[in-house]
Amino acid sequence: SLMPLLFLASTVQILGNADAESYGAELELNAELTDNLSIDFGLGYNETEFTDYPDCAPMTDCDGKELVYAPNLTSSVGINYERSLSNSHRLFSRIGATYRGEQYYDVTNNPLYQGKSATLLDATIGIQSETGNWSVALWGRNLTDEDYDVGRAPDQIGTNVTLGVPRTYGIRLSAKY
């Protein structure tokens, strides 16, 4: 039994109990192509449905509607490269992409509150001690600066859209002691 919530501006409504079904599958593959190069891949498939939700919104029956924040398809792929630079330092790097399919942010599956699919590209390159006690890395997320949403909800003048994180980058320093 689920208890979905509806966000209206700065208020939250509890919409009653709901029953739902969900099924899917995940696949993960990791392969070391050489001593220095590896790849990883992930794929997720998800089907969801409210099976008993007659009071989801005024005069609306949500039986058969998809659950919120539950894309049907997600995937990721990454390429990793590592190599020794000297007896005491290693180079490491990764470039990866993630995909999230369309999803609803509203129990009635209103198209105004449906998030579009998004593909994000991330990368990291750095140097670490051979023992792994310290590292320094340059990293970047959403390198293509894709505009994507992570939430949509009605408000007093239309639709409130929460955007995902834009292109970000930085330097990471790590130490273990």
Side-chain angles (χ1 to χ4, degrees), residues 2 4 20-51 65-107 109 111-153 159-177:
L2 300 173
E21 291 180 355
S22 175
Y23 64 90
E26 290 185 7
L27 172 68
E28 286 187 21
L29 300 171
N30 297 299
E32 288 194 31
L33 303 177
T34 69
D35 289 341
N36 305 90
L37 185 66
S38 65
I39 60 170
D40 53 78
F41 172 77
L43 180 65
Y45 174 74
N46 186 31
E47 283 290 333
T48 65
E49 178 182 325
F50 287 112
T51 56
K65 303 288 187 182
E66 291 182 30
L67 273 63
V68 297
Y69 296 99
N72 293 103
L73 188 63
T74 57
S75 64
S76 65
V77 62
I79 300 171
N80 307 286
Y81 181 77
E82 287 189 36
R83 69 174 283 228
S84 183
L85 295 175
S86 68
N87 288 339
S88 58
H89 300 91
R90 291 191 63 75
L91 170 76
F92 62 91
S93 62
R94 174 178 174 78
I95 188 165
T98 57
Y99 171 81
R100 182 203 71 201
E102 293 179 347
Q103 61 186 327
Y104 288 102
Y105 301 122
D106 155 87
V107 295
N109 291 179
L112 290 175
Y113 313 123
Q114 181 180 27
K116 304 301 179 212
S117 62
T119 302
L120 304 179
L121 181 66
D122 303 331
T124 302
I125 187 166
I127 297 172
Q128 70 181 16
S129 67
E130 196 67 45
T131 60
N133 289 340
W134 63 266
S135 68
V136 60
L138 298 172
W139 58 268
R141 305 285 179 260
N142 190 9
L143 293 174
T144 60
D145 203 22
E146 179 165 348
D147 289 330
Y148 64 103
D149 54 57
V150 295
R152 289 176 176 253
T159 301
N160 180 358
V161 177
T162 303
L163 295 177
V165 178
R167 179 186 304 130
T168 56
Y169 46 88
I171 298 174
R172 182 180 62 234
L173 304 170
S174 301
K176 296 179 187 175
Y177 53 93

Check whether any side-chain heavy atom of E146 lies under 4.5 Å from a side-chain heavy atom of L120, and answer yes or no.
yes

Take atom CG of D145 as the centre, draw a 6.0 Å sphere, and report whether it contains more than 12 heavy atoms from other residues, nucleotides or ligands.
yes

Result block: side-chain N/O donor-acceptor pairs under 3.5 angstrom for residues 75-83, not counting sequence neighbours:
from, atom 1, to, atom 2, distance (Å)
N80, OD1, R94, NH1, 2.9
N80, ND2, S38, OG, 3.4
N80, ND2, D40, OD2, 3.0

Hydrogens and angles aside, do Y148 and N142 bring a side-chain donor and acceptor to less than 3.5 Å of each other?
no

Do T159 and Y113 have side chains that approach each other closer than 4.5 Å (heavy atoms only, starting at C-beta)?
yes

Where do W139 and T168 land on the side chain to side chain contact (heavy atoms under 4.5 Å, CB included) test, with the steps shown first?
CA-CA 8 Å; W139 58 268; T168 56; 3.6 Å; yes

Minimum heavy-atom separation for L67 to A70, with atom names?
O-CB, 3.8 Å

On a heavy-atom basis, which atom in G151 and which in Y105 lie closest, and how many Å separate them?
N-CZ, 3.6 Å

Which residues satisfy the side-chain contact (heavy atoms from CB on, under 4.5 Å) test with D147, sequence neighbours excluded?
none

To the nearest 0.5 Å, atom CG of L143 lies from atom OH of Y169 at 11.0 Å

Under 4.5 Å between any side-chain heavy atoms of V150 and Y69, yes or no?
no

Gap separating the CD atom of E49 from the CD atom of E66, nearest 0.5 angstrom:
9.0 Å

Roughly how far, to the nearest 0.5 Å, is the CZ atom of R152 from the NZ atom of K116?
6.5 Å

Look up atom CG in L112 and atom CG in D106, then write down how far apart they are to the nearest 0.5 Å.
9.0 Å

Going from CD on E28 to CG on L43, what distance comes out if it is rounded to the nearest 0.5 angstrom?
10.5 Å

Should the heavy atoms of other residues, nucleotides or ligands under 6.0 Å from CG of L29 be counted, would the total exceed 12?
yes

For a quick test of reading the model, state the closest non-hydrogen atom pair linking T51 to A20 and the distance between them.
OG1-N, 3.6 Å

What heavy-atom pair brings L121 and T144 nearest, and what distance separates the two atoms?
CD2-CG2, 4.3 Å

Closest non-hydrogen atom pair between G101 and P71, with its separation
O-CB, 3.5 Å

Side chains of N72 and E47: does their closest heavy-atom pair fall under 4.5 Å?
yes

Name the atoms and distances for all side-chain donor-acceptor pairs under 3.5 Å in residues 123-131, with sequence neighbours left out.
from, atom 1, to, atom 2, distance (Å)
S129, OG, T131, OG1, 3.3
S129, OG, G132, N, 3.1
S129, OG, N133, N, 2.9
S129, OG, W134, N, 3.4
T131, OG1, N133, ND2, 3.1

To the nearest 0.5 Å, how far apart are CG in D122 and OG1 in T98?
6.0 Å

